[in-house]
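By convention in this document, chain letters (A, B, ...) are assigned in the order of the sequence lines, proteins followed by strands, and residues within each chain are numbered from 1.
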Protein chains: 2
Amino acid sequence: MLDAEAWGAECCGERRDAAESRQRILDAARALFAERGVEPVSMYEVGRAAGVGQGTLYRRYEHKGALCGALLHESAGRFSEEVRVRLEGDDGPALEKLMYLLQRLAGFNEENAPLLGAIRDAAGGERRRERYHNPFYQWLRETAKMLLEIAVERREIPPLDTEYAADASLAPLNIDLYLYQRQELGMDRGRMTAAMRRLVLEGLKGSG
Amino acid sequence: MLDAEAWGAECCGERRDAAESRQRILDAARALFAERGVEPVSMYEVGRAAGVGQGTLYRRYEHKGALCGALLHESAGRFSEEVRVRLEGDDGPALEKLMYLLQRLAGFNEENAPLLGAIRDAAGGERRRERYHNPFYQWLRETAKMLLEIAVERREIPPLDTEYAADASLAPLNIDLYLYQRQELGMDRGRMTAAMRRLVLEGLKGSG
DNA sequence: TCTCCAAGCGGACAGTTGTCCGTTTGAGTG
DNA sequence: CACTCAAACGGACAACTGTCCGCTTGGAGA
């Protein structure tokens with residue numbers, strides 16, 4: 001499960017001054033991001049606006065991606081909880097549930113595009129591994145894999161490499177491609193959902 | 001077609017001093033990258049090693065991604081040429097040809113991982129669009145789309161949204177996911193190829 | 001050959017990231 | 001309350017990106 005704290009929430013035994021710094025950083029970031037968007041705001045500015053030194057800022061959030069992750073925490077928790085509830089029931093085909101996951105993920109991309117973009121940008125160079133090696137993606141991956149395993153068990157689909165198939169199913173929803181399709185290519189959500197549905201449920205060779 | 005120059009080769013009417021600078025920059029970059037890897041080398045260092053000022057360096061290559069693109073030029077040209085030749089013949093199913101494209105792309109990732117990673121890293125923030133809006137990806141995309149259209153025409157597969165399907169087929173081969181699967185998850189190429197083949201040729205529901 | 005100027009040059013610079021380190025402080029313990 | 005020290009603080013700092021701008025130069029035309 002994707003627990004609280006997964007992507008950078010408050011830790012537990014925080015000293016009072018530390019908690020206050022954290023809150024001031026988050027408030028300042030929220031305000032600046034709301035005013036000017038996420039991308040053009042630097043960590044330097046956040047620190048200045050929050051009235052904390054560089055050391056304090058980076059001690060709490062070691063890069064902009066971590067800060068954005070913390071801001072995304074609530075939204076991500078809601079998302080994973082809603083998905084959990086829907087998947088819990090024993091009703092309906094597992095592939096249908098996988099489609100639900102993917103559609104909800106598209107919605108999550110839509111709602112949180114700027115923060116997700118910033119998180120992605122921050123995970124470059126020596127932080128490349130964090131792009132996939134993070135609790136949120138791990139949860140997506142495990143959930144998709146589980147659904148595919150159930151689908152195989154129930155003979156909805158023949159056996160296949162569920163681990164690879166999970167990554168492959170999620171890959172078209174990576175934030176960069178998603179934004180490219182939406183903003184540059186002008187695809188609408190309905191079209192993308194329909195096309196994705198076709199590919200997931202029928203594959204290329206499906207009955208159309 | 002992916003022409004020369006697509007990703008940043010020499011331009012045509014270059015002044016002699018400019019050509020010399022460009023060559024020195026490329027030589028210095030190649031040497032530094034070979035010695036220490038791509039990621040930890042900064043543009044600043046490349047400029048210093050090449051003996052050119054910042055202005056000259058950035059006039060030629062406006063960011064590290066562009067420099068890496070230029071270094072990749074030859075390899076990318078070879079790749080697209082080889083694919084072109086294979087696809088030219090009128091023989092065999094279009095889906096087989098799509099698989100060929102994807103497998104060769106996996107090989108391209110493998111051979112050029114560090115440069116591709118650096119290019120990706122450089123395309124963040126206000127340069128997000130360049131991640132997909134570049135001649136190389138456009139060529140991949142158009143090629144995949146064309147093969148899917150042929151497959152539909154020839155009744156290899158039922159009609160579908162070829163544009164979306166092209167992006168979706170290429171998405172699992174994005175360099176970040178590819179490296180994660182290879183390096184973090186320890187998947188081997190054979191497994192990935194087999195799993196991809198299954199998904200492309202049969203879809204999830206295929207005859208297994 | 002001389003003139004001219006667009007193209008090219010380099011280095012200073014502002015703004016940023018992320019680290020380091022000496023100083024301060026909050027919260028347990030006696 | 002006084003003591004202690006790990007935790008937290010802030011600001012200086014080195015390194016880097018990308019821009020700007022005044023100076024230089026290759027090469028085209030007279």
Worksheet item: Do NZ/NE/NH1/NH2 and the carboxylate oxygens of D176(A) and R120(A) come within less than 4.0 Å?
Response: yes
Discussion item. Both A19(B) and V41(A) contact DNA chain C. Taking the nearest nucleotide for each, which residue is further toward the 5' end?
Written reply: A19(B)
Worksheet item: Salt bridge between R84(A) and E81(A), side-chain N to carboxylate O under 4.0 Å?
Response: yes
Worksheet, complete the sentence: Closest of dG11(C), dC9(D), dG8(C) to the R59(B) side chain is dG8(C)
Practice prompt. Decide if atom CD of E74(B) counts as having more than 12 heavy atoms of other residues, nucleotides or ligands within a radius under 6.0 Å.
Written response: no
Practice prompt. Would you mind reading off the distance between E126(B) atom CD and dT16(C) atom P, rounded to a whole angstrom?
Written response: 12 Å
Item to complete: Kindly point out which of dC9(D), dC16(D), dG18(C) is positioned nearest to the side chain of R127(A)?
Response: dG18(C)
Worksheet item: Picking from dT17(C), dG8(C), dC16(D), which would you name as closest to the side chain of Y58(A)?
Response: dT17(C)
Practice prompt. May I have the distance from H63(A) (atom NE2) to dT16(C) (atom P), rounded to whole angstrom?
Written response: 19 Å
Discussion item. Within residues 23-39 of chain B, which residues have any heavy atom lying less than 4.0 Å from an atom of DNA chain C?
Written reply: none
Worksheet entry | Candidate nucleotides dG10(D), dG18(C), dT17(D), ranked by approach to the side chain of Y44(B) - the nearest | dT17(D)
Taking only N/O atoms, report every protein-nucleotides 26-30 of chain C pair under 3.5 Å with atom names and distance.
| unit_1 | atom_1 | unit_2 | atom_2 | d |
| --- | --- | --- | --- | --- |
| dA27(C) | OP1 | R16(A) | N | 2.8 |
| dA27(C) | OP2 | R16(A) | NH1 | 2.4 |

Discussion item. If I take atom CD in residue E45(B) and atom P in nucleotide dA14(D), what distance separates them, rounded to the nearest angstrom?
Written reply: 17 Å
Worksheet item: Side chain of R60(A): nearest nucleotide among dT17(D), dC9(D), dT17(C)?
Response: dC9(D)
Worksheet item: Is there a donor-acceptor pair under 3.5 Å between the side chain of K64(A) and the backbone N or O of V41(A)?
Response: yes
Discussion item. Between C1' on dA15(D) and NZ on K64(B), what's the gap in Å once rounded to a whole number?
Written reply: 14 Å
Discussion item. I want to verify a distance call: between dT17(C), dT17(D), dA7(C), whose nearest atom is closest to the M43(A) side chain?
Written reply: dT17(C)
Worksheet item: Is any side-chain nitrogen or oxygen of T56(B) closer than 4.0 Å to OP1 or OP2 of dG8(C)?
Response: no
Worksheet item: Are there more than 12 heavy atoms of other residues, nucleotides or ligands under 6.0 Å from atom CD of E149(A)?
Response: yes
Worksheet item: Got a second to check how far E20(A)'s CD is from E14(A)'s CD, nearest 0.5 Å?
Response: 11.0 Å
Practice prompt. Please determine, by modelled atom types, if N134(B) and Q138(B) share a side-chain donor-acceptor pair under 3.5 angstrom.
Written response: no
Worksheet item: CD of E88(B): more than 12 outside heavy atoms within 6.0 angstrom?
Response: yes
Worksheet item: Reckon S21(A) has a side-chain N or O less than 4.0 Å from the OP1 or OP2 of dC9(D)?
Response: yes
Fill in: Rounded to 10 degrees, the angle between the two terminal axes of the helix from dT1(C)-dA30(D) to dG30(C)-dC1(D), each from five pairs
10°
Worksheet item: Is E62(A) atom CD crowded by more than 12 heavy atoms from other residues, nucleotides or ligands, each under 6.0 Å away?
Response: no
Response to the item:
In whole angstroms, the gap separating P of dA7(C) from CZ of R22(B) amounts to 17 Å
Practice prompt. Taking only Lys NZ, Arg NE, NH1 and NH2, and the carboxylate oxygens of Asp or Glu, determine whether R131(A) and E184(B) approach each other closer than 4.0 Å.
Written response: no
Item to complete: Kindly say whether the aromatic ring centers of F108(A) and F136(A) come within a distance under 6.0 Å.
Response: yes
Worksheet entry | Distance in angstrom units between R48(A) CZ and dG18(C) P, rounded | 17 Å
Worksheet item: If we ignore angles and hydrogens, is there a donor and acceptor under 3.5 Å between the side chains of Y178(A) and D167(B)?
Response: no
